**Student:** 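Can you read through this structure? Questions will come right after.
For clarity, every value in this text was computed on a predicted model and none was experimentally measured.
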Amino acid sequence: MLEGETVFVAEIEGNPAGYVALDQVETAVRVDQLFVSPDHEAEGIGRQLLEFAEGYAIWQDAETLQVVVEEDNERAFSFYRGRGFTPVANDLLELRLPQR
C-alpha cells in the first residue's frame, strides 16, 4: 500500500512509534498517512513527523504540503490547523511552503 511513497518512521528506543507516508502530487506533497502508536500519543511524535514531512516537501520544491482529513475528524482538523494548515476544500487542508 505504501509502495512508491516516501515514508519517515519515528522510533523510540529502537521500536517504531509512528510514521508519515508522503506522495508527490503535481506541485504539492500530500500526507497520505500519519500514524502514531497509541502507546506514544501526546509525546510530540505526530508534530515531529509533520516537521519531517514539511522539510521533505520544501526539499522537493513543493509549493504546499497537503492533507485530506475526513470532515467529522475534529481531532485531526485541530491538529493540522494548529500547525498552520488552512482549508482549501471540504476535506483538504494545505500549508503554504517557503520556496528555497
**Student:** With under 30° as parallel and over 60° as perpendicular, where do the rings of F8 and Y56 fit, or are they tilted in between?
**Tutor:**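 Geometry flag for Y56 against F8: perpendicular rings.
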**Student:** I would like to know whether L50 and V20 meet side chain to side chain contact (heavy atoms under 4.5 Å, CB included); could you show each step before the answer?
**Tutor:** CA-CA 7 Å; L50 198 57; V20 62; 5.7 Å; no
**Student:** Can you list every salt bridge (charged side-chain N to carboxylate O under 4.0 Å, His left out) pair that touches residues 66-79, not counting sequence neighbours?
**Tutor:**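 Non-adjacent pairs meeting salt bridge (charged side-chain N to carboxylate O under 4.0 Å, His left out): E41-R75.
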**Student:** Please answer: with hydrophobic residues joined when any side-chain heavy atoms are less than 4.5 Å apart, are I12 and L34 in the same cluster?
**Tutor:** yes
**Student:** Could you tell me the separation between the OH atom of Y19 and the CD atom of E5, rounded to the nearest 0.5 Å?
**Tutor:**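 Rounded to the nearest 0.5 Å, the OH-CD separation comes out at 9.0 Å.
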**Student:** Hydrophobic clustering (ILVMFWY, side-chain heavy atoms < 4.5 Å, transitive) - are V7 and F35 grouped together?
**Tutor:** yes
**Student:** With a 4.5 Å cut-off on side-chain heavy atoms, are L22 and V31 touching?
**Tutor:**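 A side-chain contact exists here, since the closest heavy-atom pair is under 4.5 Å.
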**Student:** Which value, rounded to the nearest 0.5 Å, describes the distance between E54 atom CD and L65 atom CG?
**Tutor:** 6.5 Å
**Student:** Taking everything shown except F52 itself, do over 12 heavy atoms lie less than 6.0 Å from its CZ?
**Tutor:** no
**Student:** Rounded to the nearest 0.5 Å, what separates atom CZ in R30 from atom CD in Q24?
**Tutor:** 11.0 Å
**Student:** Which atom pairs, one a donor and one an acceptor, fall under 3.5 Å between side chains of residues 78-98 and the rest of the protein, sequence neighbours left out?
**Tutor:**
residue, atom, partner, partner atom, Å
R83, NH1, F79, O, 2.8
E94, OE1, Q66, NE2, 3.2

**Student:** For residues 42-49, run the donor-acceptor check on the side chains, cut-off 3.5 Å, and write out each pair with its distance to 0.1 Å, sequence neighbours left out.
**Tutor:**
residue, atom, partner, partner atom, Å
E43, OE1, H40, ND1, 3.0
R47, NH1, E51, OE2, 3.1

